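Note sheet for the following structure.
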Amino acid sequence: MPELPEVETIVRRCRPRVEGRRIRAFASSWAKNAFPSVSHVRRGVVGRTVTRLGRRAKFIVFHMEDGGHLLVHLRMSGRLEWADQPGFRPEHIRAHWDLDDGRRLLFCDARKFGRIVYTRDLPATTAALGPEPLEPEFTPRVLARILRRRRRQLKPLLLDQTAIAGLGNIYTDEALHAAGLHPLTRADTLSDVQVRRLHAAIRRILRLAIRNHGTTIDWIYPGGWMQRRLRVYGRTDEPCCDCGTPIVALRVGQRSTHFCPRCQPLRGVRGRRH
DNA sequence: TGAATTGTTATCGT
DNA sequence: AACGATAACAATTC
């Protein structure tokens with residue numbers, strides 16, 4: 001569930017407590033989700049200082065002093081919590097790191113889909129990921145190149161982390177609505193104007209979501225208020241904010257997809273259907 | 001009880 | 001062969 005804005009929010013929250021801290025111990029009670037293994041992760045991080053806490057796509061990245069990196073992917077239900085939080089008892093603890101100031105960072109994950117990865121070669125580990133949509137290098141030209149060489153539908157393509165990094169189901173739907181593009185539009189049929197519109201929409205939505213600390217949906221991710229600003233996601237049959245037409249829900253590649261049939265017509269400038 | 005939930009990967013088809 | 005579509009999978013909640 002956590003997408004780029006939620007992960008970015010988590011990184012920013014944890015950064016002051018993690019950067020500059022030496023890791024004293026690591027343990028995991030769910031060996032399946034530690035790569036290459038629990039002992040590899042332990043050997044890689046214990047006794048070393050975290051120089052920087054960053055993010056790549058939906059990965060939380062611990063930069064270690066010796067050039068190693070620890071990556072945490074939250075997948076559906078993963079969260080980072082602190083053991084000393086007053087009035088809050090974390091459940092489903094799968095791993096923890098003890099820091100040299102006595103604090104314990106917890107990795108909680110009800111569904112056990114999350115992953116903890118230690119690597120000595122970060123570029124190789126993240127080589128398959130597409131560009132970061134909020135970096136300056138992500139220009140309309142870059143997006144145009146990604147779209148033109150694919151004949152896939154926009155929705156699954158934007159969800160594909162090897163095409164663009166960081167978008168998930170929520171912000172893909174929101175970006176397509178903001179750009180006025182139907183989720184089933186073929187990627188290689190967009191005009192230059194539509195590409196530019198989509199580029200601007202992706203960045204605007206992600207920035208807005210970060211400013212709102214992400215989207216809170218049930219118990220999985222707390223603390224954000226972007227859910228108040230969602231215009232299509234989860235609003236099936238409710239009126240479109242722009243035109244009042246009821247929002248339609250579709251199933252695209254096993255994913256729920258929400259859009260406004262009036263603001264996001266399938267027939268684009270050069271789009272075609274049958 | 002089983003439907004819903006998601007990112008990733010394996011597999012099948014074109 | 002390369003790409004696209006689809007299914008499977010992890011495990012839990014409501």
Side-chain angles (χ1 to χ4, degrees), chain A residues 1-8 10 28-38 55-61 71-81 89-95 107-117 119 124-133 145-176 182-190 206 209 214-222 224 226-227 230 232-237 249-258 273:
Chain A
M1 207 82 90
E3 306 179 25
L4 186 153
E6 288 78 25
V7 177
E8 181 65 28
I10 291 163
S28 173
S29 55
W30 192 244
K32 260 182 84 173
N33 293 17
F35 296 86
S37 70
V38 172
R55 179 191 59 76
R56 172 75 172 103
K58 299 170 191 171
F59 287 96
I60 300 161
V61 183
L71 282 65
V72 176
H73 199 301
L74 304 172
R75 289 278 192 114
M76 274 199 71
S77 59
R79 3 193 332 181
L80 291 183
E81 303 287 352
R89 219 169 295 289
E91 287 181 286
H92 311 294
I93 301 169
R94 310 298 178 196
F107 176 68
C108 307
D109 186 10
R111 290 176 186 163
K112 299 183 181 176
F113 298 171
R115 290 172 174 216
I116 299 171
V117 179
T119 177
T125 305
T126 57
L129 293 169
E132 283 291 323
R145 225 184 14 251
I146 293 166
L147 298 174
R148 277 203 201 103
R149 63 187 152 107
R150 314 290 190 93
R151 45 180 49 195
R152 280 222 267 172
Q153 296 168 329
L154 284 178
K155 166 87 181 196
L157 180 58
L158 293 180
L159 282 175
D160 185 344
Q161 301 298 297
T162 68
I164 301 172
L167 290 174
N169 210 28
I170 297 173
Y171 300 115
T172 300
D173 282 1
E174 294 299 315
L176 286 172
H182 192 289
L184 300 184
T185 310
R186 262 180 52 175
D188 59 355
T189 64
L190 294 204
L206 291 177
T215 303
T216 294
I217 294 180
D218 53 50
W219 84 106
I220 288 175
Y221 176 86
M226 181 68 186
Q227 64 277 9
L230 300 180
V232 284
Y233 185 86
R235 297 192 62 246
T236 309
D237 296 332
L250 270 188
R251 203 98 191 141
V252 183
Q254 327 272 90
R255 289 295 176 273
S256 62
T257 298
H258 315 75
R273 183 86 182 129

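Reminder, nothing fancy here: chain letters follow the sequence lines and each chain counts from 1. If you're wondering where the values come from, they're calculated on a predicted model, not measured in any experiment. Only this structure's heavy atoms are used, side chains among them; waters, hydrogens and symmetry mates stay out.
Between A:Arg152 and A:Asp160, at least one side-chain nitrogen of the basic residue sits less than 4.0 Å from a carboxylate oxygen of the acidic one, meeting the salt-bridge criterion.
Of the candidate nucleotides C:dT12, C:dA8, B:dT8, C:dT12 has the atom lying nearest to any side-chain atom of A:Arg111. The side chain of A:Arg151 sits closest to C:dG4 out of C:dA8, C:dT12, C:dG4. Set against B:dT8, B:dT5, C:dT12, the side chain of A:His73 has B:dT8 as its closest nucleotide. Nearest nucleotide to the A:Arg75 side chain, out of B:dT8, C:dA11, B:dT6: B:dT8. When each of C:dT12, C:dG4, B:dT5 is scored by its nearest atom to the side-chain atoms of A:Arg251, the top-ranked nucleotide is B:dT5. When distances are taken from the side chain of A:Arg152 to each of C:dA11, B:dT6, C:dG4, the shortest belongs to C:dG4. Comparing atom distances between the A:Phe113 side chain and each of C:dA11, C:dT13, B:dT5 picks out C:dA11 as nearest.
Here the straight-line distance linking atom CZ of A:Phe107 with atom CD1 of A:Ile60 works out to 8.0 Å at 0.5 Å rounding.
Here A:Arg115 lies out of heavy-atom contact (under 4.0 Å) with every strand. Nucleic acid contact class of A:Tyr233 (heavy atoms, under 4.0 Å, all strands): sugar-phosphate only. No contact: A:Gly253 has no heavy atom under 4.0 Å from any strand.
The nearest whole Å value for the distance from the CD atom in A:Gln161 to the C1' atom in B:dT9 is 13 Å. Atom CZ of A:Arg150 is separated from atom C1' of C:dC3 by 9 Å (rounded to the nearest Å). Here the C1' atom of nucleotide B:dT8 and the CG atom of A:Leu167 are 16 Å apart, to the nearest Å. With rounding to whole Å, A:Gln153 atom CD is found 6 Å from C:dA5 atom P. Taking atom CD on A:Gln254 and atom C1' on B:dT6, their separation rounds to 11 Å, with Å as the unit. In this entry the distance linking CG of A:Asn169 with C1' of B:dT8 reads 14 Å, nearest Å. Rounded to whole Å, the distance from CE on A:Met76 to C1' on B:dT9 is 17 Å. Regarding A:His258, its NE2 atom lies at a distance of 12 Å from the P atom of B:dA4, rounded to whole Å.
Contact annotation: A:Lys32 side-chain N/O to C:dA11 OP1/OP2 distance is under 4.0 Å.
Side-chain atoms of A:Ser77 do not come within 3.5 Å of backbone N or O of A:Asp109 as any donor-acceptor pair.
Exactly one residue among A:Glu3, A:His258, A:Lys155 makes a side chain to side chain donor-acceptor pair (under 3.5 Å) with A:Asn169. That residue is A:Lys155.
The side-chain heavy atoms of A:Val61 and A:Thr126, taken from C-beta on, include no pair separated by under 4.5 Å.
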